[in-house]
Amino acid sequence: MTPIPLRITPATTADTRRVVVEWIMSSVCNYACHYCPIYLHDNRVRWPDYDSVNRFTRTVAEHYHGRDITFLLSGGEITLWPQLLRMAADLRALGIDIAVLSNGTRPLPWWATHAPAFDHVLLSYHHERAEPHHFRAVVNTLAPETSVDVNVVIDPAAFDTTMNLAATIQADGKAPVHRKIMFLDGWARPADYSPDQHATLTDALATEVDQPGSRETALLKGDLDVEYLDGTHQVLTPSQIIDTGSNRWPGWTCNVGAESLFIRFDEIWPASCREGGRIGSIFDHNLPLPTAGITCTAGSCNCIAGIKATKTAPTAIHH
């Protein structure tokens, strides 16, 4: 019988104190992958003015005072932003951890020089554009200088290529690897994997739970403890939860907003799923930032911050 989930909490207790602010800052990008929503790489939305950026970051620091805070900055391609290093320094001055999500295309000397500016680097491999030897060299350059994790988007049309690359980097042992299920139509639906591909991917995802940890566990939150109605527990990665179709929580209480924020260019939401409604804009001077979670109404959840947020089933109130 399939166990009935009751609660989902961070596997590491300290993660419950952390707020992750994920910010897509512009659509300026040097890639244009077919599965990526066009609004993330059409180069139409430029970078925000720095005064507004600085005011917003201070508002977040004040609102979540006493909590651990991480800003995860992306684009577009975040390393193309001329003010990135300035923002990294300003965030650290506020006691906020700085993480960046990058495709890794900057030259090796750039990474060697600027790696210490970041508390965590999340590299994302996109096989349509990436050069595998350069990408692995970037991982090797970053690993001695700062915390680094690797995402590899698994494309059914290039399944062996992307799976082999993920396995190679995982075997290198320099950074944990996360095989990412490809989503299409603006992240609305997963790509179609053959039964053999799906079985192979499922087996590979199971190996990711036992990888040596990086600071991603501390700065972006890590794996999840799933408590079932029968009292048993299971530790799963977000990708495993998506892979098994266990990412459906309508009616559950979910702590997005209290544990996460999502900003698409200037608009602020509790998480990228947009559950809980629009909060405001980074340009607003009186932001009503949330203090509690929401009741989920979505049919399924594909946003990592939403999956990692603490959540409780309606049945839990009786236990």
Side-chain angles (χ1 to χ4, degrees), residues 1-18 20 149 151 154 156 163 166 170 176-183 187-213 216-218 220-260 270-276 292-319:
M1 189 172 81
T2 303
I4 300 172
L6 193 67
R7 295 182 185 86
I8 298 177
T9 56
T12 302
T13 304
D15 286 355
T16 60
R17 298 195 302 269
R18 185 164 294 276
V20 177
D149 274 62
N151 289 342
I154 305 301
M163 287 290 286
Q170 192 171 7
V177 172
H178 312 280
R179 295 161 182 84
K180 294 296 180 179
I181 296 169
M182 178 185 287
F183 278 85
W187 294 322
R189 65 176 182 89
D192 294 322
Y193 295 93
S194 72
D196 286 346
Q197 288 177 337
H198 185 257
T200 300
L201 179 56
T202 298
D203 289 343
L205 291 176
T207 70
E208 296 177 6
V209 178
D210 298 325
Q211 293 181 100
E216 182 184 32
T217 300
L220 298 177
K221 301 187 178 182
D223 299 336
L224 297 154
D225 179 90
V226 182
E227 178 186 351
Y228 296 100
L229 192 60
D230 63 5
T232 60
H233 291 253
Q234 185 179 20
V235 175
L236 297 172
T237 68
S239 290
Q240 285 180 301
I241 288 175
I242 294 172
D243 179 57
T244 57
S246 303
N247 55 334
R248 294 173 173 84
W249 301 296
W252 285 48
T253 299
C254 180
N255 270 7
V256 292
E259 297 180 12
S260 67
S272 63
C273 58
R274 302 193 178 189
E275 289 290 296
I294 56 98
T295 299
C296 181
T297 63
S300 64
C301 180
N302 298 323
C303 76
I304 299 302
I307 292 173
K308 289 183 177 182
T310 301
K311 53 184 63 66
T312 306
T315 52
I317 63 174
H318 303 298
H319 294 82

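Remember, predicted model here, so these are calculated numbers, not experimental data.
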[Y] side chain reached by [X] side chain, heavy atoms, under 4.5 Å:
{"X": "Arg179", "Y": "Ser239", "result": "no"}
{"X": "Thr16", "Y": "Thr9", "result": "no"}
{"X": "Tyr193", "Y": "Thr200", "result": "no"}
{"X": "Asn302", "Y": "Arg189", "result": "no"}
{"X": "Thr12", "Y": "Arg18", "result": "no"}

From [X] [atom1] over to [Y] [atom2], what is the distance, rounded to the nearest 0.5 angstrom?
{"X": "Ile242", "Y": "Leu236", "atom1": "CD1", "atom2": "CG", "value": "11.5 Å"}
{"X": "Ile304", "Y": "Lys221", "atom1": "CD1", "atom2": "NZ", "value": "13.0 Å"}
{"X": "Leu224", "Y": "Ile241", "atom1": "CG", "atom2": "CD1", "value": "4.5 Å"}
{"X": "Ile8", "Y": "Gln234", "atom1": "CD1", "atom2": "CD", "value": "10.5 Å"}
{"X": "Gln197", "Y": "Asp192", "atom1": "CD", "atom2": "CG", "value": "10.0 Å"}
{"X": "Lys308", "Y": "Thr237", "atom1": "NZ", "atom2": "OG1", "value": "9.5 Å"}

| message | Is there a side chain to side chain contact (heavy atoms under 4.5 Å, CB included) between Asp225 and Arg7? Walk through the geometry before answering. | response | CA-CA 8 Å; Asp225 179 90; Arg7 295 182 185 86; over 6 Å; no
| Side-chain donor-acceptor pair present, Glu259, Thr310, cut-off under 3.5 Å |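 Yes, side-chain donor-acceptor contact under 3.5 Å.
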| task | Examine the side chains of Asp230 and Thr232 and answer whether a donor and an acceptor come within less than 3.5 Å of each other. | result |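 A donor-acceptor contact under 3.5 Å links the two side chains.
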| request: Using the ring of Trp252 (Phe, Tyr or Trp, six-membered ring only), decide whether Lys311 places NZ or CZ under 6.0 Å from its centre and within 45 degrees of its axis. | output: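 Geometry flag: not set, cation outside 6.0 Å or 45°.
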Whether [X] side chain and [Y] backbone form a donor-acceptor pair below 3.5 Å:
{"X": "Glu275", "Y": "Thr297", "answer": "yes"}
{"X": "Thr244", "Y": "Gln240", "answer": "yes"}
{"X": "Asn247", "Y": "Ser300", "answer": "no"}

Closest heavy-atom pair and its distance - [X], [Y]:
{"X": "Pro5", "Y": "Ala313", "result": "O-CB, 4.0 Å"}
{"X": "Ala271", "Y": "Cys303", "result": "CB-SG, 4.1 Å"}
{"X": "Pro10", "Y": "Asp15", "result": "CB-CB, 3.4 Å"}
{"X": "Ala11", "Y": "Val235", "result": "CB-CG1, 4.3 Å"}
{"X": "Val256", "Y": "Gly306", "result": "CG1-CA, 3.8 Å"}
{"X": "Ile181", "Y": "Pro190", "result": "CG2-CB, 4.1 Å"}

